[in-house]
Amino acid sequence: MSIVRGCGPSLGINRIKANLLSCRIITSTSGNRRPDETCLALLQSCDALPKLFQVHSLIFKLGLQGNPFVLTKFTSKSSELNSVDYAHSILFSAQSDCSLYDTFLFNNLIRAYAQTESLKAKALEMYNFMLQCGVLPNNYTYPFMLKACAGIGDLSLGRSVHGSVLKFGFHEDVHVRNTMVHMYCCCRGGIDYGRKLFDGMPKRDSVPWSAMIGGYARLGRSVDAVELFRKMQIAGVRPDEITMVSVLCACTDLGALELGRWIETFIEKQKVNKSVVLCNALIDMFAKCGDVDKALKLFWNMSQRTIVSWTSVIVGLAMHGRGLEAVSLFEEMKRGRMVPDDIVFIGLLSACSHSGLVDQGREYFDLMSKEFGIVPRMEHYGCMVDLFCRAGLVKEALRFVQKMPVEPNPIIWRTLINACHSHGELKLAESITKQLIHYEPLHEANYVLLSHIYAKKFDWGEKTKIREAMDKKRMKKIPGSTMIELNNEIYEFVAGDKSHNQYREIYKMVDEMGREMKKAGYVPTTTEVTLDIDEEDKEDALYSHSEKLAIAFALLNTPSGTPIRIVKNLRVCGDCHSATKYISKIYSREIVVRDRNRFHHFKDGICSCRDFW
DNA sequence: CTAGGGTTAG
């Protein structure tokens with residue numbers, strides 16, 4: 001039994017008690033209310049799908065299935081309740097007359113499709129149908145349409161909608177314009193055109209700025225994102241919490257801790273609303289820029305935490321090899337009322353994997369489906385393979401892969417190959433890699449793996465063949481690069497880099513580091529050098545690795561005793577890992593390295609990963 | 001009765 005407040009103008013305090021189960025209506029006053037108004041009120045009160053079904057049968061009983069007002073309200077509710085297919089089927093079943101539909105009704109349907117993942121393409125179908133019916137779009141139609149295009153990410157689709165916007169003359173509308181920038185930023189290859197539109201806008205509040213900054217951040221053009229944020233301040237536009245979330249994303253990607261700290265004080269000073277999402281972004285930033293304790297502090301200070309907050313700290317702890325803390329946080333989360341989702345399990349399993357907690361990892365993997373009904377995805381299987389491989393349990397990893405109910409993806413194969421490679425199972429590594437290349441012939445990482453295997457076998461002939469094959473396919477290794485933040489600037493080094501104006505001093509420093517390290521017992525790991533050159537040249541090749549250059553740069557330019565923080569785009573190589581241990585001891589520096597996978601804290605010749613990577 | 005930008009993942 002539910003009570004619906006009337007909304008007809010003449011009815012005043014009229015209330016309708018509707019017994020939805022039996023589809024009977026009992027009006028509390030005389031029957032002066034029109035049945036369509038009753039239906040509208042009832043539809044308004046629907047807060048769950050079953051109710052909507054009941055009202056639908058009522059609509060039928062009262063013969064209102066062709067009434068455009070009722071149907072419009074019906075589509076609106078369907079879209080709110082995420083039941084767009086249901087609405088669609090009813091609207092286009094034989095009883096209704098499409099010629100009675102109006103713009104509003106179509107907008108509701110387009111909105112519903114645009115906000116439903118996997119059905120976004122239908123929004124465009126619906127739009128075309130709307131035009132076929134002779135119904136004209138209005139300025140409310142296009143934000144939905146552009147959002148759908150943004151979700152699909154197809155530039156030509158976006159362009160065609162842009163054409164319609166121009167044709168119907170809605171390109172001056174602020175909302176349409178802003179969403180247009182957003183759409184171009186979300187489509188592959190569209191961001192520069194988005195920027196052009198953005199630059200041409202006469203008035204811009206924080207929304208288009210956020211769209212643009214967020215666009216750069218999503219693409220990994222983080223420097224552009226930060227730069228645009230600076231321009232925004234110069235332009236005197238006040239950023240809000242959504243802008244700051246995008247800026248923080250870019251900062252997280254750069255691993256720029258000083259910038260991150262500056263952003264945090266900026267948020268405090270400007271009194272930007274610290275929404276839960278913004279706090280989550282701050283936590284993620286601090287954890288991924290190397291200050292996980294600060295991330296924890298922020299986390300415990302939050303008055304409300306979402307699953308994203310928990311996931312961010314758990315993943316953060318995992319990256320720093322603090323797996324036991326991650327596990328106890330997860331347990332604490334379970335003790336509260338928070339229900340774990342599939343993503344937090346990925347973080348938890350990777351925490352186990354980075355800290356060698358094999359048994360816990362196994363237990364949690366079982367718990368996930370048994371207690372929480374989460375069906376393991378490829379990512380979860382990947383974590384488990386990673387868990388076994390890192391712990392050196394190559395046989396167990398292989399057994400696990402064979403028992404997996406789905407075909408492993410290339411990432412899992414590469415994890416296995418790496419494990420086989422580092423545990424001396426070279427034959428197995430070679431055969432898996434060859435199969436992988438057969439299956440995925442255009443992925444350069446596979447060839448690099450194979451060439452590493454041949455290097456370890458000292459098979460220079462095969463190795464040269466691989467390199468030639470790569471040249472022929474015009475493939476290149478992704479160049480390793482290392483970033484370092486110094487005095488509010490971000491410096492980026494690549495191997496053999498001579499672009500820096502201090503490069504002579506840097507190379508001199510690298511030589512000195514080499515001499516000191518050898519004195520302390522360092523032996524260069526020349527087997528990791530993929531070039532077929534003599535040993536001395538190989539040492540040189542190792543010394544010019546980007547992280548060694550960055551560390552030399554930092555030793556030259558920062559006061560002694562201060563920690564050095566660097567960020568790598570790839571995984572740190574074995575030689576640099578062992579070299580950095582020596583450097584931390586010789587020069588008494590704490591060196592914090594973020595690589596593609598995790599953090600390494602070097603201190604006194606020891607790394608926090610316990611060589612577990 | 002409808003419209004713009006944002007967070008977690010091997």
Side-chain angles (χ1 to χ4, degrees), chain A residues 7 40 43-44 69 72-77 79-80 102-112 114 138-147 150 170 173-183 185-186 198 204-215 217-218 239-249 252 275-285 287-288 305-316 318-319 341-351 353-354 377-387 389-390 408-412 414-415 596-598:
Chain A
C7 58
L40 289 176
L43 278 165
Q44 182 63 40
F69 291 106
T72 300
K73 189 75 205 164
F74 186 79
T75 54
S76 169
K77 268 296 158 187
S79 116
E80 276 171 38
D102 64 352
T103 304
F104 199 168
L105 182 142
F106 277 106
N107 284 354
N108 282 333
L109 274 177
I110 292 170
R111 167 170 69 140
N138 63 9
N139 55 332
Y140 289 81
T141 311
Y142 286 106
F144 297 138
M145 290 297 294
L146 292 163
K147 256 181 157 171
F170 292 115
D173 183 282
V174 172
H175 295 266
V176 173
R177 263 190 144 126
N178 291 343
T179 324
M180 191 100 79
V181 171
H182 175 238
M183 180 275 289
C185 287
C186 287
F198 172 84
R204 294 175 298 207
D205 64 7
S206 67
V207 174
W209 285 95
S210 303
M212 207 59 232
I213 293 170
R218 262 194 307 277
D240 60 14
E241 73 261 33
I242 295 177
T243 322
M244 296 321 292
V245 169
S246 290
V247 179
L248 279 169
C249 274
T252 307
S275 64
V276 179
V277 176
L278 180 55
C279 285
N280 291 344
L282 272 167
I283 289 171
D284 190 51
M285 181 276 291
K288 288 183 182 155
R305 299 179 195 92
T306 63
I307 189 71
V308 178
S309 329
W310 288 94
T311 309
S312 297
V313 273
I314 289 173
V315 168
M319 284 186 81
D341 65 0
D342 49 339
I343 299 175
V344 76
F345 269 106
I346 296 173
L348 180 66
L349 293 174
S350 84
S353 150
H354 283 296
R377 285 207 316 256
M378 193 61 81
E379 285 87 343
H380 300 102
Y381 290 115
C383 286
M384 290 309 284
V385 174
D386 197 53
L387 176 81
C389 285
R390 275 181 212 275
N409 65 2
I411 300 170
I412 291 182
R414 279 192 285 273
T415 306
R596 200 170 183 79
N597 275 340
R598 60 166 295 156

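Sequence lines set the chain letters: A, B, ... in the order given, protein chains first and strands last, and positions in each chain run from 1. Excluded from the calculations below are hydrogen atoms, water molecules and symmetry mates; all remaining heavy atoms, backbone and side chain alike, are included. Quantities reported herein were computed from a predicted structural model and do not represent experimental measurements.
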A.B. asks: Is A:R596 touching bases, backbone alone, or none of the nucleic acid, heavy atoms closer than 4.0 Å?
C.D. replies: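 If one applies the 4.0 Å heavy-atom cut-off, A:R596 turns out to touch nothing in the nucleic acid.
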A.B. asks: Contact class for A:D205 vs. all strands (heavy atom < 4.0 Å): base, sugar-phosphate, or nothing?
C.D. replies: base
A.B. asks: Base, sugar-phosphate or nothing for A:D386? Non-hydrogen atoms, less than 4.0 Å.
C.D. replies: sugar-phosphate
A.B. asks: Check for a donor-acceptor pair, side chain of A:N138 on one end and backbone N or O of A:T141 on the other, with a separation under 3.5 Å.
C.D. replies: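 Between the backbone of A:T141 and the side chain of A:N138 there is a qualifying donor-acceptor contact (under 3.5 Å).
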A.B. asks: Using a heavy-atom cut-off of 4.0 Å across all strands, would you classify A:T103 as base, sugar-phosphate, or nothing?
C.D. replies: nothing
A.B. asks: Have a look at A:S275 and say if it touches a base, only the backbone sugar-phosphate, or nothing, with a 4.0 Å heavy-atom cut-off.
C.D. replies: base
A.B. asks: Classify the nucleic acid contact of A:I412 as base, sugar-phosphate or nothing, counting any heavy atom under 4.0 Å across all strands shown.
C.D. replies: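 Contact class for A:I412: base.
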A.B. asks: Is a side-chain donor or acceptor of A:N108 paired with a backbone partner of A:T72 at a separation under 3.5 angstrom?
C.D. replies: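 Side chain of A:N108 to backbone of A:T72, a donor-acceptor pair under 3.5 Å: yes, one is there.
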A.B. asks: Contact class for A:C185 vs. all strands (heavy atom < 4.0 Å): base, sugar-phosphate, or nothing?
C.D. replies: nothing
A.B. asks: Name the nucleic acid region contacted by A:N409, choosing base, sugar-phosphate or nothing; use a 4.0 angstrom heavy-atom cut-off, strictly under.
C.D. replies: base
A.B. asks: List the residues meeting ring pair (Phe, Tyr, Trp, His ring centres under 6.0 Å) with A:F69, not counting sequence neighbours, and say none if there are none.
C.D. replies: none
A.B. asks: On DNA chain B, reading 5' to 3', which nucleotide is the first and which the last to sit with an atom under 4.0 Å from a heavy atom of chain A, could you check?
C.D. replies: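 Taking any atom under 4.0 Å from a heavy atom of chain A, the span is B:dC1 to B:dG10.
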A.B. asks: Is the backbone N or O of A:T243 less than 3.5 Å from a side-chain atom of A:D240, with the two atoms forming a donor-acceptor pair by type?
C.D. replies: yes
A.B. asks: Using a heavy-atom cut-off of 4.0 Å across all strands, would you classify A:N107 as base, sugar-phosphate, or nothing?
C.D. replies: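 It contacts base atoms.
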A.B. asks: Taking atom CZ as the centre, does A:R596 end up with more than 12 heavy-atom neighbours from other residues, nucleotides or ligands that are less than 6.0 angstrom away?
C.D. replies: no
A.B. asks: Classify A:D341 by what it touches in the nucleic acid, base, sugar-phosphate, or nothing, heavy-atom distance under 4.0 Å.
C.D. replies: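 Contact class for A:D341: none.
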A.B. asks: Just call it for A:T179: base, sugar-phosphate, or nothing, with non-hydrogen atoms closer than 4.0 Å on any strand.
C.D. replies: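 It contacts sugar-phosphate atoms only.
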A.B. asks: Check every strand shown and say whether A:K288 touches a base, only sugar-phosphate, or nothing at a heavy-atom separation below 4.0 Å.
C.D. replies: sugar-phosphate
A.B. asks: Remember a base hit wins even if backbone is also touched, and classify A:M180 as base, sugar-phosphate or nothing at under 4.0 Å, heavy atoms.
C.D. replies: nothing
A.B. asks: Once you apply a heavy-atom cut-off of 4.0 Å, does A:S206 come out as touching a base, just sugar-phosphate, or nothing?
C.D. replies: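 Base contact.
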A.B. asks: Any donor and acceptor pair, going by atom type alone, linking the side chain of A:H380 with main-chain N or O of A:D342 inside 3.5 Å?
C.D. replies: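 Yes: the side chain of A:H380 pairs with the backbone of A:D342.
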A.B. asks: Hey, is the main chain of A:F198 close enough, under 3.5 Å, to the side chain of A:R204 for a donor-acceptor pair?
C.D. replies: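 Here the side-chain-to-backbone pair exists.
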